[in-house]
> 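Quick one: structure below, then a few questions.
These values consider heavy atoms only, across backbone and side chains, with no hydrogens, waters or symmetry-generated copies.
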Amino acid sequence: MSNLKGYLFAAIAAASYGTNPIFAIPLYREGISVTSVLFMRYAMAVAIMFFATMIKSPKAFVIKPKYVGLLAFMGILMVLSSIALFESYKYLSAGIASTLLFFYPVMVAVIMAIFYKERLTKKSWACLVTAFIGVVILSKDDDGGFISLLGLTLVMLSSLAYAIYLVYINRGPMKNIDTSTITFYVILGGFLVMILYCIIDGGVTFPATTKGWINAVGLGVFPTVVSLIFTSRAIALIGSTETAIFGALEPLTAVILGILILGETLTLAPAIGMILIFVSVTVLMMKKR
C-alpha cells in the first residue's frame with residue numbers, strides 16, 4: 001500500500017512541476033519580467049519551506065559554517081537553472097522546453113562517467129545515443145531549419161546546471177546532511193540571488209490584473225509547493241530513483257497543457273523526438289534502479 005501511495009505521490013509531484021509554463025507564460029504576456037516571476041516563485045517557496053522545516057525540526061536550521069559557501073554555490077546553480085528555463089519559455093513552446101529539460105538525467109550519467117569513473121554499459125550508451133537523436137529531431141522546425149538557437153541553448157544550460165546540482169548534492173561533502181535542510185538553504189540562497197538580480201534589473205513588477213495574480217499564486221502553489229511536498233513524500237516511500245522515473249510526467253503534462261491552455265501545436269517530428277527522449281531517459285533511470 002505504501003508503494004502505491006509513493007507512486008501516486010511521485011506522479012502528482014511530476015505533473016505539478018509540469019505546470020510551470022502554463023502559469024509563467026501568461027505572466028510574460030502581461031509584461032511581467034522573468035526576474036519578477038521567479039522572485040514571486042522563490043519568495044513563496046522560501047516561506048513554505050521555512051514553516052515546513054520549522055514544523056519538522058527547528059534543529060534542521062543549524063548548519064556548520066564550512067557549509068555556508070557550498071550551499072550558496074548550490075543556490076546559485078539552482079537559480080541559474082531556473083532563470084535559463086524560464087527565459088527559454090520566451091523562445092520555445094512549453095512542451096519542447098520541458099522535454100529538453102528532461103535531458104538532465106543523461107547529463108548526470110555523462111558527468112558521473114567522466115568525473116567519477118562510473119561505467120557506462122552498452123544499454124546506457126544506447127539510451128544516451130537515442131536521447132541525443134531525440135534532441136536533434138526536437139531541435140528541427142517544420143521547415144527543416146532549427147528552432148530558436150537561443151531558446152535551445154538556454155534550456156540545455158538549465159538542464160546542465162540542474163544535472164551538476166544533482167551530482168553535487170549526492171556526491172559532494174554535504175551528501176549526509178538532511179535533505180530538507182539543504183533544500184531550504186538552497187532555495188533561500190536562490191531567493192537572495194533573485195533579490196540582487198531584481199535590483200540590477202530595475203525592481204519587481206507585480207501583476208496588475210486578477211488573472212495575473214491567479215497565475216502568480218498558481219506558480220507558487222502547484223509547481224513549487226505541491227511539487228516539493230509530494231516529491232519529499234514520494235522519496236520517503238519509494239526512494240529517489242523510483243520517484244525520478246515518474247519525472248517523465250513533467251514534460252508530458254507541459255505538452256498536454258500547452259496544447260489545451262496555451263494553444264500550442266504539436267507536429268509529428270517533435271512528437272517523435274519527445275518519445276525518443278522519454279523512452280531513453282526512463283530506461284536509463286530504470287537501469288539505475
> Restricting to side chain to side chain contact (heavy atoms under 4.5 Å, CB included), what partner residues turn up for Lys122, sequence neighbours left out?
none

> Atom CH2 of residue position Trp213 - does it have more than 12 heavy atoms of other residues, nucleotides or ligands inside 6.0 Å?
yes

> A side-chain contact here means heavy atoms from C-beta on lying under 4.5 Å apart; do Ile48 and Thr224 qualify?
no

> Using distance only, find each side-chain donor-acceptor pair of residues 19-26 under 3.5 Å and give its atom names and separation, not counting sequence neighbours.
{"residue": "Thr19", "atom": "OG1", "partner": "Ser16", "partner atom": "O", "Å": "2.5"}
{"residue": "Asn20", "atom": "ND2", "partner": "Tyr17", "partner atom": "O", "Å": "3.3"}

> So, using salt bridge (Lys or Arg N to Asp or Glu O under 4.0 Å) as the criterion, who are the partners of Lys211 when residues are at least two apart?
none

> Write out all pairs satisfying side chain to side chain donor-acceptor pair (under 3.5 Å) with one or both partners inside residues 268-280, taking only residues at least two apart or from two chains.
none

> Got a sec, which pairs hit side chain to side chain donor-acceptor pair (under 3.5 Å) with one end in residues 90-112, sequence neighbours left out?
Glu87-Lys90

> Flag yes if more than 12 heavy atoms outside Tyr165 fall under 6.0 Å of its OH atom; otherwise flag no.
yes

> So, using side chain to side chain contact (heavy atoms under 4.5 Å, CB included) as the criterion, who are the partners of Ser36 when residues are at least two apart?
Ile32, Ser33, Val204, Thr205

> Val281 and side chain to side chain contact (heavy atoms under 4.5 Å, CB included): which single residue from Pro251, Cys127, Pro105 fits?
Pro105

> List in chain and number order the residues that pass side chain to side chain contact (heavy atoms under 4.5 Å, CB included) with Ile272, two or more places apart in sequence or in another chain; answer none if no residue qualifies.
Ile137, Leu268, Leu276

> Hey, are the side chains of Leu154 and Leu85 touching, using non-hydrogen atoms and a 4.5 Å cut-off?
no

> Which atom pair, heavy atoms only, marks the closest approach of Pro207 to Leu27?
CG-CD2, 4.1 Å

> OH of Tyr67 to CG of Leu70: how many Å apart, nearest 0.5 Å?
8.0 Å

> Tell me if the aromatic rings of Tyr168 and Phe73 count as close, with their centers under 6.0 Å from one another.
yes

> Using the ring of each side chain (for Trp, its six-membered ring), is Phe39 parallel, tilted or perpendicular to Phe191, with breaks at 30° and 60°?
tilted

> So, do Val155 and Leu92 sit near enough that their side-chain heavy atoms are less than 4.5 Å apart?
yes

> Of the non-hydrogen atoms in Leu138 and Met274, which two are nearest, and what is the gap between them?
CD1-CG, 3.8 Å

> Considering residues at least two apart in sequence or located in another chain, which fulfil the side chain to side chain contact (heavy atoms under 4.5 Å, CB included) criterion with Ile259?
Val255, Leu266

> The criterion is ring pair (Phe, Tyr, Trp, His ring centres under 6.0 Å); which residues satisfy it with Tyr197, sequence neighbours excluded?
none

> Kindly state each residue pair satisfying salt bridge (charged side-chain N to carboxylate O under 4.0 Å, His left out) with at least one member in residues 16-45, sequence neighbours excluded.
none

> Looking at Met194 and Leu38, what are the two nearest heavy atoms and their distance?
CE-CB, 3.6 Å

> Rounded to the nearest 0.5 Å, how far apart are CD1 of Ile277 and CG of Leu100?
5.5 Å

> Short question: side chain of Ser159, backbone of Met156 - any donor-acceptor pair under 3.5 Å?
no

> Let's go through Ile164 and Leu160 carefully: what are the C-alpha distance in whole Å and the side-chain angles of both, what is the deciding distance for side-chain contact (heavy atoms from CB on, under 4.5 Å) to 0.1 Å, and is it a yes or a no?
CA-CA 6 Å; Ile164 295 172; Leu160 177 60; 4.1 Å; yes

> Within a strict 4.5 Å, meaning less than it, do heavy atoms of the Tyr89 and Val37 side chains meet?
no

> Which heavy atom of Met107 sits nearest a heavy atom of Ala163, and at what distance?
CB-CB, 3.7 Å

> Hey, could you give me the CG/CG distance between Leu257 and Leu252, rounded to the nearest 0.5 Å?
9.5 Å

> Would you compute the distance between atom CG of Leu149 and atom OG1 of Thr153 and round it to the nearest 0.5 angstrom?
4.0 Å

> Looking at every non-hydrogen atom in both residues, tell me the closest pair between Ala234 and Gly6 and how far apart they are.
CB-O, 3.6 Å

> Where do Val283 and Lys123 come nearest, in terms of heavy atoms and distance?
CG1-CE, 3.8 Å

> About how many Å separate CD1 of Ile12 and OG1 of Thr231, when rounded to the nearest 0.5 Å?
10.5 Å

> Pairs of donor and acceptor atoms involving the side chains of residues 74-84, under 3.5 Å and at least two apart or interchain, shall be tabulated with distances.
{"residue": "Ser81", "atom": "OG", "partner": "Ser158", "partner atom": "O", "Å": "2.9"}
{"residue": "Ser81", "atom": "OG", "partner": "Ser158", "partner atom": "OG", "Å": "3.1"}
{"residue": "Ser82", "atom": "OG", "partner": "Tyr42", "partner atom": "OH", "Å": "2.9"}
{"residue": "Ser82", "atom": "OG", "partner": "Met78", "partner atom": "O", "Å": "3.1"}

> Please identify each residue that fulfils ring pair (Phe, Tyr, Trp, His ring centres under 6.0 Å) with Phe132, with sequence neighbours left out.
none

